[in-house]
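Take a look at the structure below.
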Amino acid sequence: MHFLKSSLVSSALIFCHFAYGASHPVSFVLIGDSTTANGTTPNSGGWGNGLCGSMITNNIASVTANTPCINTAHDGATTGSFVADGFWNISLAAISGEVKRGRRTLVTIQFGHNDMKIAPPESMGANLTSMVEQIRAIGGEPVLVTSLTRRTFNADGTVQDALAPWANETILISQQQGSHLLDLHAASIKYVEAIGPDAAHRLNRLPDDNTHLNSNGTTVFGRMVADLLKESFPNELPIIPNPPLSFNISHGIASF
Ligand SMILES: *[C@@H]1O[C@H](CO)[C@@H](O)[C@H](O)[C@H]1NC(C)=O
Ligand SMILES: *[C@@H]1O[C@H](CO)[C@@H](O)[C@H](O)[C@H]1NC(C)=O
Ligand SMILES: *[C@@H]1O[C@H](CO)[C@@H](O)[C@H](O)[C@H]1NC(C)=O
Ligand SMILES: *[C@@H]1O[C@H](CO)[C@@H](O)[C@H](O)[C@H]1NC(C)=O
Ligand SMILES: *[C@@H]1O[C@H](CO)[C@@H](O)[C@H](O)[C@H]1NC(C)=O
Ligand SMILES: *[C@@H]1O[C@H](CO)[C@@H](O)[C@H](O)[C@H]1NC(C)=O
């Protein structure tokens, strides 16, 4: 029975997107803007390097060594420019490649930081819907991610949160599409408010750049995403536990 079930699952894999269980090989493809992107120089890049790992930015991977983790996010991208500039086609090719190798391919999508500068939330929402549909059509599994918070604070210690309407739009699309959702926006606000402005600013790429991350910021928020993935896909993903860092994050303790 067990054998029959696994062989059915393997042969059905290219055509369906249901959960396969822990033994099924998983790949990750990341889509988004600079707050996700693969750093190409030391002390650059978004949370993607903390999830996938990188020798360039000196971040240890949160996924197991044999797990493909392809970061196609791009600096400055909106949902619209990502498609128009050809990065979306690169993402689709990466997803197809992993699906063809018989791997369950999870695709994280996080936008908002640049979309908010050019159009109302519904514009990003329509583009996210199209992305989710296209990813499913080629056998990938979309995972919508709300925008990482900026580290800009009000005098009372709360985050000055301009991204909320874009985070809410992302949540709405995940509900409409029945996709997985990682509420990184809420989790990152909760964390930076707990550690406070000084510790939060130590995660910035430059002291007054409240958007981008240094390598410690990448480590912290990459682990936060890994923990949100684990919570959203219990016992299904090849994520290496990091109990001390996860403890600091879940208890609002500054690691750096
Ligand atoms: C990041 O880019 C480097 C090349 O600059 C590449 O070797 C590495 O595989 C990329 N990492 C990810 C996670 O895509
Ligand atoms: C969404 O995509 C359309 C093109 O399909 C583009 O005109 C629009 O600017 C995009 N919206 C955002 C917020 O990037
Ligand atoms: C992406 O690929 C599609 C299909 O091959 C093509 O029509 C489109 O022009 C490509 N987009 C860009 C920006 O190159
Ligand atoms: C976002 O959604 C939350 C929860 O539904 C709501 O409390 C909040 O007012 C919304 N924020 C914005 C800016 O729409
Ligand atoms: C957790 O936080 C403590 C206190 O700041 C720090 O000493 C420790 O290195 C942190 N652990 C990790 C794994 O980040
Ligand atoms: C990261 O944290 C370590 C340990 O606190 C510190 O020595 C290092 O300077 C930090 N890196 C950056 C880029 O701030």
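For ligands, and for the atoms within them, numbers begin at 1 and follow the listed sequence. All values derive from a computational prediction rather than experimental measurement.
Every N/O-N/O distance between Ala119 and ligand 2 stays at or above 3.5 Å. An N or O contact shorter than 3.5 Å is missing between Ser81 and ligand 2 by distance.
Interface atoms of ligand 2 facing Ile118, defined by a heavy-atom separation under 4.0 Å, are 12 (C), 13 (C), 14 (O). Listed by number with element, the atoms of ligand 2 under 4.0 angstrom from any heavy atom of Thr78 are 14 (O). Of all atoms in ligand 2, listed by their number and element, those nearer than 4.0 Å to a heavy atom of Asp115 are 12 (C), 13 (C), 14 (O). Atoms of ligand 1 lying under 4.0 Å from at least one heavy atom of Cys52, given by number and element, are 13 (C). Contact atoms of ligand 6 toward Asn43: 13 (C) (distance under 4.0 Å to a heavy atom of the residue).
Side-chain N/O atoms of Thr78 and Asp115 include no donor and acceptor closer than 3.5 Å. Side-chain contact, Ser34 with His212: a donor N or O sits under 3.5 Å from an acceptor N or O. Checking Thr72 against Ser91 by side-chain atom types alone, a donor-acceptor pair falls below 3.5 Å. For the residue pair Asn204 and Asn214, no side-chain donor N or O sits within less than 3.5 Å of a side-chain acceptor on the partner. Side-chain atoms of Asp183 and Thr146 include a donor-acceptor pair closer than 3.5 Å. Side-chain atoms of Ser215 and Asn58 form no donor-acceptor pair, as typed in the model, at a separation below 3.5 Å.
Nearest protein heavy-atom contact of atom 5 (O) of ligand 6 is Phe256 CD2, 4.1 Å. Atom 1 (C) of ligand 2 has its closest protein heavy atom at Asn127 ND2, 1.6 Å. Scanning the protein for heavy atoms near atom 9 (O) of ligand 6, the closest one is Asn216 ND2, 4.9 Å.
The backbone N or O of Val26 sits less than 3.5 Å from a side-chain atom of Arg103, completing a donor-acceptor pair.
Of the charged side-chain nitrogens involved, at least one lies within less than 4.0 Å of a carboxylate oxygen, so that Arg101 and Glu98 count as a salt-bridged pair.
Contacts of Cys69 with ligand 1, taken as heavy-atom pairs under 4.0 Å, involve the backbone alone. Looking at Ile56 against ligand 1, only its side chain comes within 4.0 Å, counting heavy atoms. Neither the backbone nor the side chain of Val83 has a heavy atom within less than 4.0 Å of ligand 2.
Of the listed options Asn38, Asn49, Thr40, Asn38 places a heavy atom closest to atom 2 (O) of ligand 1.
With values rounded to the nearest 0.5 angstrom, Thr64 atom OG1 is found 6.0 Å from Ile240 atom CD1.
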- Trace of the side chain to side chain contact (heavy atoms under 4.5 Å, CB included) decision for Thr35 with Phe221: CA-CA 10 Å; Thr35 63; Phe221 293 112; over 6 Å; no

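Atom 7 (O) of ligand 2 is never approached by the protein to below 4.0 angstrom, counting heavy atoms only. Using a 4.0 Å threshold on non-hydrogen atoms, atom 14 (O) of ligand 1 counts as touching the protein.
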